[in-house]
Chemist: 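Handing you a structure now.
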Amino acid sequence: MERTHTRPAEPRTAVVWAALREETDRRGTNLVVIDVGGGTGGFAVPLAEAGHRVTVVDASPDALAALTRRAAEAGVAGRVAAVQGDGDRLAELVPAGSADLILCHSLLEVVDDPAGVVGALASTLRPGGAVSVVVANRAAAVLSRAMSGHLGVAAALLSDPAGRAGAGDKLRRRFDPAGATALLGTAGLVVERIQGVRVVADLVPGAVADADPDTLLALELIAAELPPYRDIATQLHLFARKP
C-alpha cells in the first residue's frame, strides 16, 4: 500500500483515501475493486499499484483511453480493466457477487435511477464487501450560492425536493446525510461511516492552502468526522457494507 499511503497528502481527497486505505489494510492485497464512473483512473491506478485488481466502468471512451495509458505508464496495465457503459447498466456489465470493494464517486447525482444503481452496487458486492459513495451535498450548495449573492438560486436549492436549482442545473439531485443513508439502506447496505469531503479545502484562499498545506490537511481530516462541519462539506462520503 506504499503508493496509496501517499494519497491523503491532497486535502480535497484525503478523507476518501483514508477510508479506502483503512479498508484495504484490513483486508489485504489482491481485492477485486469496481470503480463505477472512475474516468481516467485517479483512484483506480493507485489501487492497482497497491496490488488490487480494478475494473473501471465509465461511459466516456476518451476517459477510458486515458485510463489505459495511465495504467500502462504506471506499470499496472495487467491489473486494470476498462469497461465502457453507464452506471445505470452496471448489473449488465459486471458479474453479480464479484467485488470486494466498489467505488461510486460523483455518480448518483447524475444517473437516471439512483436507487437502481445502488441496488446494482449491492448485487455486485460479495457478502462483507464495502462500497465507497461520494455525493454532492445540498447544504454546501445552498450556502455557497447564498454567499456569492445568488439568493434566488440558494432558495431554489433549499426548497426543491431533489436539491436542484432549476431545469438548467447540471446535477439531477443533491443529498443530505439522512437521504443518502436511506438510499443505500433501500438496497440492504449498512452505512458504517459518513464524512465530509472538502469541508474547508474549498473555503480557504489558495495562498493560505499553499502556505500551510499540512495544517489544512489535518484540519480537513478532523472536520470531516464532526457534525456540523461534516454536514456543510462540498461532498458527503458514505462508507457502507453488504451484510
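Values in this document were obtained by computation on a predicted structure and should not be read as measured data. Just the heavy atoms: all of them, side chains too, but no hydrogens, waters or symmetry mates, feed the values below. Note that the numbering runs from 1 along the sequence shown for the chain.
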Chemist: With a 4.0 Å cut-off on N to O distance, would you call Arg89 and Glu92 a salt bridge?
Modeler: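 Looking at Arg89 and Glu92, the cut-off is met.
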
Chemist: For Val16 and His105, work out which heavy atoms get closest and say how close.
Modeler: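 Nearest pair, atom of Val16 first, then His105: CG1-CE1, 3.6 Å.
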
Chemist: Return the CG to CG distance between Asp35 and Leu67, rounded to the nearest 0.5 Å.
Modeler: 9.0 Å

Chemist: According to a hydrophobic-cluster definition based on side-chain heavy atoms being under 4.5 Å apart (Ile, Leu, Val, Met, Phe, Trp, Tyr only), do Val15 and Val131 belong together?
Modeler: no

Chemist: Say whether Gln235 and Arg198, considering side chains only, have a donor N or O and an acceptor N or O under 3.5 Å apart.
Modeler: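 Short answer, yes.
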
Chemist: I need the minimum non-hydrogen distance between Ala154 and Ala146, along with the two atoms involved.
Modeler: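 Residues Ala154 and Ala146, closest heavy atoms: CB-N, 3.8 Å.
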
Chemist: Within this structure, what is the CZ-CG distance for the pair Arg126 and Leu101, rounded to the nearest 0.5 Å?
Modeler: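 If I round to the nearest 0.5 Å, the distance is 11.5 Å.
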
Chemist: Among residues at least two apart in sequence or on other chains, which ones pass side-chain contact (heavy atoms from CB on, under 4.5 Å) with Glu192?
Modeler: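 Phe239, Arg241.
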
Chemist: Of all the heavy-atom pairs spanning Pro61 and Gln84, show the shortest one and how long it is.
Modeler: CD-NE2, 3.6 Å

Chemist: Consider only side-chain heavy atoms of I, L, V, M, F, W and Y, link residues closer than 4.5 Å, and tell whether Val83 and Val56 are in one cluster.
Modeler: no

Chemist: Verify the distance criterion only: is there a donor paired with an acceptor across the side chains of Asn137 and Arg174 at less than 3.5 Å?
Modeler: no

Chemist: According to a hydrophobic-cluster definition based on side-chain heavy atoms being under 4.5 Å apart (Ile, Leu, Val, Met, Phe, Trp, Tyr only), do Leu171 and Val133 belong together?
Modeler: yes

Chemist: With a 4.5 Å heavy-atom cut-off, do Leu157 and Asp169 have their side chains touching?
Modeler: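 They are in side-chain contact.
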
Chemist: For the atom pair CZ (Arg164) and CD (Glu109), what is the distance rounded to the nearest 0.5 Å?
Modeler: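 The distance works out to 12.5 Å.
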
Chemist: Going only through I, L, V, M, F, W and Y residues with side-chain contacts under 4.5 Å, is there a path from Val57 to Leu47?
Modeler: no

Chemist: Could you tell me if the side chain of Ser106 sits less than 4.5 Å from the side chain of Val135, heavy atoms only?
Modeler: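 When only atoms from C-beta onward are counted, Ser106 and Val135 do not touch, as no gap falls below 4.5 Å.
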
Chemist: Which heavy atom of Leu183 sits nearest to which heavy atom of Phe175, and what is that distance?
Modeler: CD2-CE2, 3.8 Å

Chemist: Decide yes or no for Arg193 and Glu22: does some side-chain heavy atom of the first lie under 4.5 Å from some side-chain heavy atom of the second?
Modeler: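 They are in contact (side-chain heavy atoms under 4.5 Å apart), so the answer is yes.
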
Chemist: Which atoms form the tightest heavy-atom contact between Asp86 and Ala59, and what is the distance?
Modeler: OD1-CB, 3.1 Å

Chemist: Starting from the C-alpha separation in whole Å, work towards a yes-or-no answer on side-chain contact (heavy atoms from CB on, under 4.5 Å) for Val199 and Arg230.
Modeler: CA-CA 6 Å; Val199 178; Arg230 175 200 73 181; 5.5 Å; no

Chemist: Measure the CG-CG distance between Leu103 and Leu20 for me, rounded to the nearest 0.5 Å.
Modeler: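 CG of Leu20 is found 5.0 Å from CG of Leu103.
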
Chemist: Any donor and acceptor pair, going by atom type alone, linking the side chain of Thr215 with main-chain N or O of Asp212 inside 3.5 Å?
Modeler: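 It does not hold such a pair.
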
Chemist: For Ala201 versus Pro11, what's the shortest heavy-atom pair and its separation?
Modeler: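 Looking at all heavy atoms of both residues, the closest pair is CB-CB, 4.3 Å.
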
Chemist: Quick check: do Val200 and Tyr229 have side-chain heavy atoms less than 4.5 Å from each other?
Modeler: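 Val200 does not reach Tyr229 side chain to side chain.
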
Chemist: What is the distance from atom CG of Leu216 to atom CG of Leu221, rounded to the nearest 0.5 Å?
Modeler: 9.5 Å

Chemist: Under a 4.5 Å side-chain heavy-atom rule over Ile, Leu, Val, Met, Phe, Trp and Tyr, are Val117 and Val33 clustered together?
Modeler: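 Shared cluster, no.
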
Chemist: Find the distance between CG (Leu184) and NZ (Lys242) and round it off to the nearest 0.5 Å.
Modeler: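 With rounding to 0.5 Å, CG (Leu184) is 14.0 Å from NZ (Lys242).
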
Chemist: Could you label the plane-to-plane angle of the Phe43 and Trp17 rings as parallel, tilted or perpendicular, counting under 30° as parallel and over 60° as perpendicular?
Modeler: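 Answer is parallel, since the angle falls under 30°.
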
Chemist: Could you give me the CA-CA distance, side-chain angles and deciding distance for Val134 and Leu107, then say whether side-chain contact (heavy atoms from CB on, under 4.5 Å) is met?
Modeler: CA-CA 8 Å; Val134 176; Leu107 182 67; over 6 Å; no

Chemist: Exactly one of Asp176, Leu236, Ile194 should register a side chain to side chain contact (heavy atoms under 4.5 Å, CB included) with Thr181. Which one does?
Modeler: Ile194

Chemist: Is there a donor-acceptor contact under 3.5 Å linking the side chains of His237 and Ser132?
Modeler: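 Yes, side-chain donor-acceptor contact under 3.5 Å.
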
Chemist: Given the rule in the side-chain contact (heavy atoms from CB on, under 4.5 Å) test, do Arg12 and Asp202 qualify, once you have shown the distances and angles that lead to the verdict?
Modeler: CA-CA 8 Å; Arg12 291 169 63 87; Asp202 285 356; 2.5 Å; yes

Chemist: Do the side chains of His52 and Thr24 get nearer than 4.5 Å, heavy atoms only?
Modeler: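 Of all side-chain heavy-atom pairs linking His52 with Thr24, at least one is under 4.5 Å.
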
Chemist: Is the shortest side-chain heavy-atom distance between Val111 and Arg173 below 4.5 Å?
Modeler: yes

Chemist: Any ion pair linking Glu23 and Arg27 (charged N to carboxylate O, less than 4.0 Å)?
Modeler: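 A salt bridge is present here (some side-chain N lies under 4.0 Å from a carboxylate O).
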
Chemist: From the options Val36, Val94, Val32, select the one residue that forms a side chain to side chain contact (heavy atoms under 4.5 Å, CB included) with Ile102.
Modeler: Val36

